Amino acid sequence: MHYPNMTRTGRGRMVAAAVTVAFALSASLPAMAQDADESLAPDVSEGIAFPVMLGGQLLSPTTYSGEEWLAQFSGEEPDTAFIDGTNAFLESVGASLDDVSVKSALYEPVANEAAVVLAMRIDGTDARDWVEGAVDVLVADVEEPGLVMRPLSTKWTLRVTDQARPGVYPRTIYLRDDTAWFIQGDNDYVWEALDQLPDAVPTGASSADSLYTDVPLTLTGERRIGLYESTEPLFLPTLSERLGEGIEDWLLELYLEAGISPSEMLGVITWWGIEAAQDGIQIEGYRLPEGGEELTQRLLEDVFLIRPPEVSLDPDSEEALDLDPVASLLAGVEFTEEEIGGRTVTTLDYGDTRQHIFSSADTIWVISDPLGEREKVEEAIATLP
């Protein structure tokens, strides 16, 4: 798919920077796409990693200081809105143009098909702290941009959304340390560019290499039937089921505020029935990176919904639209706190099944009991660390 705004007049700030600087500073655009016979290591000149090739051709990116970059919008017809917006954005994050470096390149093999990569680095910062402000400045061709987290290539990325064009992502953003890469173009080019950038450094190792060793092999002498442990494949469907559309905001907030992506979470599930959700006890465990006790509590409150709705109303009523979002999901569910196995446990009674939820350090445990097997529940809670 070719983006309609990939013509020069409609490319917006990011493309304007790449094109204008290419012509005005170095006049090197004709050399930006050279035939390449072999793959090269990522370009790390000027301290900013950058893709070397797109579409089988070499890129010749331009690197410039913050002053040089902003000067490209100060010509005979200065873009005062962009200049003022950039200065205000930098001031809001406690930075100046002296802290900024930009590296950009344009790949345009044929008319109306192009890919642009722009990397912005602000020394002494964490890009997660300022990326939303940068989007407001750089992605001016989208009136109401939003951000969603999406896994692409080996990386978790932020994809810019356009409310006027659902399902279209005008930019893809990748963050690492003090640098944000803004990529615009067809998905093939986005993937190719991402493949050449360094992977993010994880926030920290899990507090244990695995969770499966923490779950019991038997309950009341009955052996479990199955066990599965993973990161994203287990976490994302579970979180999505519990949060619905709210998972988008939760993942984005967790990443921007704490730097944690689903790749750094660990989950395990084990069951005692042929159909785990219906025929027997099921234990789920979810662990965040080391030192994640505060985040674990947020996960409990925001995802596992261990608090009753603030007001009980018909979820279809107009009044319910402004209520605690858990209200419609937990209408009719009974909440109790009880002491089980020496722990304080929150029990959610759905009528046909019960869930017993508690946390220990950086791990959340959820025990589902569809058959009322209280003895197994008590043994499980007492056994889990």
Side-chain angles (χ1 to χ4, degrees), residues 11-22 24-26 42-51 61-75 78-106 116-142 144-147 149 155-160 170-184 193-194 197-201 203 252-261:
R11 284 180 182 135
R13 310 303 188 203
M14 187 181 76
V15 184
V19 177
T20 303
V21 172
L25 283 187
S26 64
D43 175 13
V44 292
S45 61
E46 306 298 332
I48 301 178
F50 205 83
T62 301
T63 303
Y64 42 100
S65 68
E67 291 283 357
E68 292 171 330
W69 179 57
L70 205 58
Q72 306 314 303
F73 305 91
S74 306
D79 189 339
T80 55
F82 178 68
I83 294 172
D84 293 344
T86 298
N87 287 322
F89 153 62
L90 292 175
E91 183 179 356
S92 72
V93 297
S96 69
L97 284 174
D98 293 337
D99 303 312
V100 177
S101 300
V102 176
K103 194 171 183 177
S104 66
L106 167 71
V116 179
V117 182
L118 183 146
M120 173 181 283
R121 184 180 67 188
I122 303 180
D123 293 335
T125 68
D126 186 330
R128 291 180 292 115
D129 295 334
W130 50 260
V131 65
E132 291 177 292
V135 168
D136 290 339
V137 174
L138 291 174
V139 189
D141 52 322
V142 179
E144 296 184 47
L147 292 175
M149 283 193 69
K155 301 167 177 63
W156 278 91
T157 67
L158 302 177
R159 304 207 82 178
V160 178
R171 308 290 190 280
T172 297
I173 306 171
Y174 174 59
L175 308 178
R176 190 177 191 270
D177 302 329
D178 58 2
T179 305
W181 290 264
F182 293 76
I183 307 170
Q184 179 175 358
L194 288 171
L197 296 176
D199 286 337
V201 178
T203 300
L252 180 63
E253 180 184 358
L254 189 64
Y255 177 66
L256 293 180
E257 292 189 3
I260 294 177
S261 74

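Because the structure is a prediction, the values reported are computed rather than measured.
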Going through the distances and angles, do Asp123 and Asp98 end up as a side chain to side chain contact (heavy atoms under 4.5 Å, CB included)?
-> CA-CA 9 Å; Asp123 293 335; Asp98 293 337; over 6 Å; no
What pair of heavy atoms forms the shortest contact from [X] to [Y], and how long is it?
{"X": "Phe50", "Y": "Val117", "answer": "CZ-O, 3.4 Å"}
{"X": "Asp129", "Y": "Leu256", "answer": "OD1-O, 4.4 Å"}
{"X": "Thr179", "Y": "Ala127", "answer": "O-CB, 3.6 Å"}
{"X": "Tyr64", "Y": "Ser104", "answer": "OH-OG, 3.5 Å"}
{"X": "Pro170", "Y": "Val160", "answer": "CD-O, 3.0 Å"}
{"X": "Ser261", "Y": "Met149", "answer": "CB-CE, 4.2 Å"}

Donor-acceptor contact present, side-chain [X] to main-chain [Y], <3.5 Å:
{"X": "Asp99", "Y": "Ser96", "value": "yes"}
{"X": "Glu257", "Y": "Leu254", "value": "no"}
{"X": "Lys155", "Y": "Leu194", "value": "yes"}

Spacing of [atom1] belonging to [X] relative to [atom2] belonging to [Y], to within rounding of 0.5 Å:
{"X": "Arg171", "Y": "Thr157", "atom1": "CZ", "atom2": "OG1", "answer": "14.5 Å"}
{"X": "Leu118", "Y": "Leu106", "atom1": "CG", "atom2": "CG", "answer": "11.5 Å"}
{"X": "Leu97", "Y": "Thr86", "atom1": "CG", "atom2": "OG1", "answer": "8.0 Å"}
{"X": "Trp181", "Y": "Tyr174", "atom1": "CH2", "atom2": "OH", "answer": "6.5 Å"}
{"X": "Met120", "Y": "Trp69", "atom1": "CE", "atom2": "CH2", "answer": "3.5 Å"}
{"X": "Thr63", "Y": "Lys103", "atom1": "OG1", "atom2": "NZ", "answer": "4.5 Å"}

Dump the intermediate steps for side chain to side chain contact (heavy atoms under 4.5 Å, CB included) on Leu70 and Ile83, then the final yes or no.
-> CA-CA 7 Å; Leu70 205 58; Ile83 294 172; 4.1 Å; yes
Does some side-chain heavy atom of [Y] sit less than 4.5 Å from a side-chain heavy atom of [X]?
{"X": "Thr80", "Y": "Phe73", "answer": "no"}
{"X": "Val100", "Y": "Ser65", "answer": "no"}
{"X": "Ile183", "Y": "Ile173", "answer": "no"}
{"X": "Glu132", "Y": "Leu147", "answer": "yes"}

Between Asp178 and Arg128, is the closest basic N to carboxylate O distance under 4.0 Å?
-> no
Run the numbers on Asp177 and Asp126 for side chain to side chain contact (heavy atoms under 4.5 Å, CB included), then give the verdict.
-> CA-CA 5 Å; Asp177 302 329; Asp126 186 330; over 6 Å; no
List the steps, then state whether side chain to side chain contact (heavy atoms under 4.5 Å, CB included) holds for Phe89 with Trp130.
-> CA-CA 8 Å; Phe89 153 62; Trp130 50 260; 3.7 Å; yes
